[in-house]
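Everything on this sheet refers to the single structure shown next.
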Amino acid sequence: MPELPEVETIARGLDKGVRGDVIDSVWLGSYPEPLKSSAQQIAGTLTGTRIARVRRVGKHLVFDLEPKRSRNGRGSRQWIVHLGMTGRMLVASPDEELPKHTHAVASLASGRELRFVDPRRFGRLSVRAAADFAGPGTEPLTITAEQFTELFRSRKTSIKAALLNQKLLHGVGNIYADESLFRAGIRPRRAAGRLTRAELDALHAAIKQVLNDAIRLGGSSVSDYVNAEGREGFFQLRHRVYMRTGQPCLVCRTRIKRIVLGGRGTHYCPKCQK
DNA sequence: AATGAAACCTGACAGC
DNA sequence: TGCTGTCAGGTTTCAT
């Protein structure tokens with residue numbers, strides 16, 4: 001479900017809501033599918049630790065955990081969460097009904113709960129020892145125009161597929177790839193390596209602008225994204241092409257087209273995007 | 001090495 | 001009402 005702006009919004013909400021809180025106990029659902037580390041590893045690492053900070057790296061939530069005093073001189077640990085397509089990480093009161101497809105619950109010393117809910121089970125949880133989680137690629141919000149250009153040099157694949165490749169940029173998904181390409185005036189099918197420097201500069205700027213605008217509006221709620229407090233975002237109201245197939249382009253009135261690229265539904269304006 | 005298709009899951013919705 | 005088919009914010013794996 002969530003791309004960079006949604007994960008950023010969730011991370012900010014979680015940081016505000018649970019920073020400094022202590023995880024008293026952890027419950028994990030009976031099936032191991034949504035876990036990347038073993039249930040034992042996760043429960044063992046989380047139980048009794050204080051949450052120092054929650055932040056976003058790419059599309060991952062990173063919980064920085066304070067070292068446990070009982071453990072002899074081991075460094076800090078991290079809890080890494082990927083929400084997949086439909087994952088939610090919610091701060092809730094134990095009185096609230098446990099939603100269907102809840103796979104993990106961390107009970108906090110403050111009396112609240114951290115709940116991981118994920119109907120499609122594409123989400124992944126893991127714990128790790130080091131405090132240097134970097135994610136697979138480069139952050140789109142801080143990359144320079146030069147670095148950005150370098151990423152796509154001599155790539156034969158489409159620019160759309162390249163934007164979705166997390167080993168290059170991490171954090172851009174299907175919505176923001178389509179929206180950025182529209183704003184930059186570039187057709188999704190264009191070969192990444194054949195874009196001009198001017199086009200790449202425009203795309204670089206468009207991505208930053210779209211992501212920042214989306215963060216400001218709390219992300220895009222297309223079907224079921226909500227933030228850590230369970231509230232929807234508003235950027236879906238600003239979508240210009242994504243899921244607007246057949247509707248008039250907001251700039252030129254041409255009908256928005258939908259194709260499949262890299263296995264993903266791809267939306268663009270045939271007139272505005274060259 | 002890199003590209004694309006299929007697989008992994010459940011749910012919502014359209015059409016019959 | 002209920003069946004079938006399609007689609008969905010993502011990533012990994014497997015075949016070319």
Side-chain angles (χ1 to χ4, degrees), chain A residues 1-11 29-37 56-61 80-89 99-103 116-126 135-137 140 151-181 188-194 207 210-211 213-215 217-228 231-246 256-267:
Chain A
M1 126 174 87
E3 306 181 30
L4 186 150
E6 291 76 34
V7 180
E8 178 68 31
T9 304
I10 293 167
S30 54
Y31 38 83
E33 286 91 333
L35 312 175
K36 213 154 91 184
S37 303
R56 174 199 64 76
V57 174
K59 294 177 190 171
H60 301 260
L61 291 170
I80 311 293
V81 177
H82 195 294
L83 296 169
M85 290 266 253
T86 53
R88 298 177 172 193
M89 186 63 80
K100 202 174 168 184
H101 305 299
T102 300
H103 306 312
F116 173 63
V117 182
D118 183 18
R120 271 176 91 178
R121 303 201 276 188
F122 289 162
R124 293 291 179 268
L125 310 182
S126 62
L151 286 184
F152 303 109
R153 176 155 299 173
S154 74
R155 299 225 163 235
K156 292 195 176 71
T157 191
S158 66
I159 185 61
K160 164 80 185 249
L163 287 176
L164 294 181
N165 181 348
Q166 301 295 299
K167 287 180 185 147
L168 303 177
L169 281 183
H170 62 199
V172 177
N174 208 33
I175 294 175
Y176 299 103
D178 282 4
E179 292 297 319
S180 300
L181 286 168
R189 243 202 280 261
R190 295 273 304 281
R194 304 192 71 165
I207 288 171
V210 165
L211 294 177
D213 285 353
I215 290 170
L217 292 176
S220 301
S221 290
V222 171
S223 73
D224 57 7
Y225 155 75
V226 292
N227 67 15
R231 286 198 277 273
E232 297 189 339
F234 295 98
F235 193 72
Q236 67 279 9
L237 304 174
R238 304 282 180 92
H239 291 175
R240 297 188 191 166
V241 286
Y242 181 75
M243 293 293 251
R244 294 195 65 250
T245 312
I256 299 300
K257 219 172 149 181
R258 179 185 186 277
I259 59 175
V260 175
L261 252 185
R264 315 297 302 279
T266 296
H267 315 77

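Residue numbers start from 1 in every chain, and the chains themselves are labelled A, B, ... in the order their sequence lines are given, proteins ahead of strands. Atoms considered below: every heavy atom in the structure, side chains included; atoms not considered: hydrogens, waters and symmetry mates. Every value quoted in this text rests on a predicted model; they were computed, and no experiment measured them.
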(Q) Would A:Thr86 and A:Tyr225 count as a side-chain hydrogen bond (donor to acceptor under 3.5 Å, both in side chains) here? Give the steps. (A) CA-CA 7 Å; A:Thr86 53; A:Tyr225 155 75; over 6 Å; no

In whole angstrom, what separates [X]'s [atom1] from [N]'s [atom2]?
X        : N      : atom1 : atom2 : answer
A:Leu4   : C:dT11 : CG    : P     : 11 Å
A:Gln166 : C:dT11 : CD    : P     : 4 Å
A:Leu168 : B:dA1  : CG    : P     : 15 Å
A:Arg153 : B:dA1  : CZ    : P     : 20 Å
A:Ile159 : B:dG4  : CD1   : P     : 13 Å
A:Asn174 : C:dA8  : CG    : P     : 8 Å
A:Ile259 : B:dA5  : CD1   : C1'   : 16 Å
A:Phe122 : C:dT12 : CZ    : P     : 12 Å

Q) Hey, is CZ on A:Arg189 packed in by over 12 heavy atoms from elsewhere, all under 6.0 Å? A)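 Not buried by this count: 12 neighbours or fewer within 6.0 Å.
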
**Q.** From A:His101, A:Arg88, A:Met89, residue fulfilling side-chain contact (heavy atoms from CB on, under 4.5 Å) relative to A:Phe116
**A.**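 That would be A:Met89; it is the only one of A:His101, A:Arg88, A:Met89 passing the side-chain contact (heavy atoms from CB on, under 4.5 Å) with A:Phe116.
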
Q) Per the side-chain contact (heavy atoms from CB on, under 4.5 Å) rule, which among A:Val241, A:Leu163, A:Ile207 passes with A:Leu181? A) A:Leu163

Check whether any side-chain nitrogen or oxygen of [X] sits under 4.0 Å from OP1 or OP2 of [N], and answer yes or no.
X        : N      : answer
A:Arg155 : B:dT3  : yes
A:Arg258 : C:dA8  : yes
A:His101 : B:dC9  : no
A:His82  : C:dT11 : yes
A:Thr157 : B:dG4  : yes
A:Arg264 : C:dG10 : yes

**Q.** salt_bridge(A:Asp178, A:Lys160) N-O dist < 4.0 Å
**A.** yes

Q | Minimum heavy-atom distance A:Arg240-A:Arg244, with the two atoms named | A | O-NH1, 2.9 Å

Q) Any idea which heavy atoms bring A:Leu164 and A:Asn174 closest together, and the distance? A) CD2-N, 3.6 Å

Would you classify [X] as touching base, sugar-phosphate or nothing, given that sugar-phosphate means primed atoms plus P, OP1 and OP2, and contacts are heavy atoms under 4.0 Å?
X        : answer
A:Ser154 : nothing
A:Gly173 : sugar-phosphate
A:Tyr242 : sugar-phosphate
A:Lys100 : sugar-phosphate

Q) Does any donor-acceptor pair link the side chain of A:Arg120 with the base of B:dC9 at a separation under 3.5 Å? A) yes

Q: Please list every stem that involves DNA chain B, where a stem is a run of 3 or more consecutive Watson-Crick or G-U wobble pairs with both pairing distances under 3.5 Å.
A: B:2-8 with C:10-16, B:10-16 with C:2-8

**Q.** Distance, P atom - from B:dA5 to C:dC7, rounded to whole angstrom
**A.** 15 Å

Q.
When the P atoms of B:dC9 and C:dC14 are compared, how many Å lie between them, rounded to an integer?
A.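 Pairwise P distance, C:dC14 against B:dC9, rounds to 14 Å.
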
Q) Of the nucleotides B:dT3, C:dT11, C:dA8, which has the atom closest to the A:Lys59 side chain? A)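 That would be C:dT11.
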
Q | A:Pro119 side chain, from C-beta outward: closest of B:dG11, C:dG10, B:dC9 | A |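 Of the candidates, B:dG11 comes closest.
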
Q.
As an exercise, state the distance from OG of A:Ser220 to CZ of A:Phe234, rounded to the nearest 0.5 Å.
A. 11.5 Å

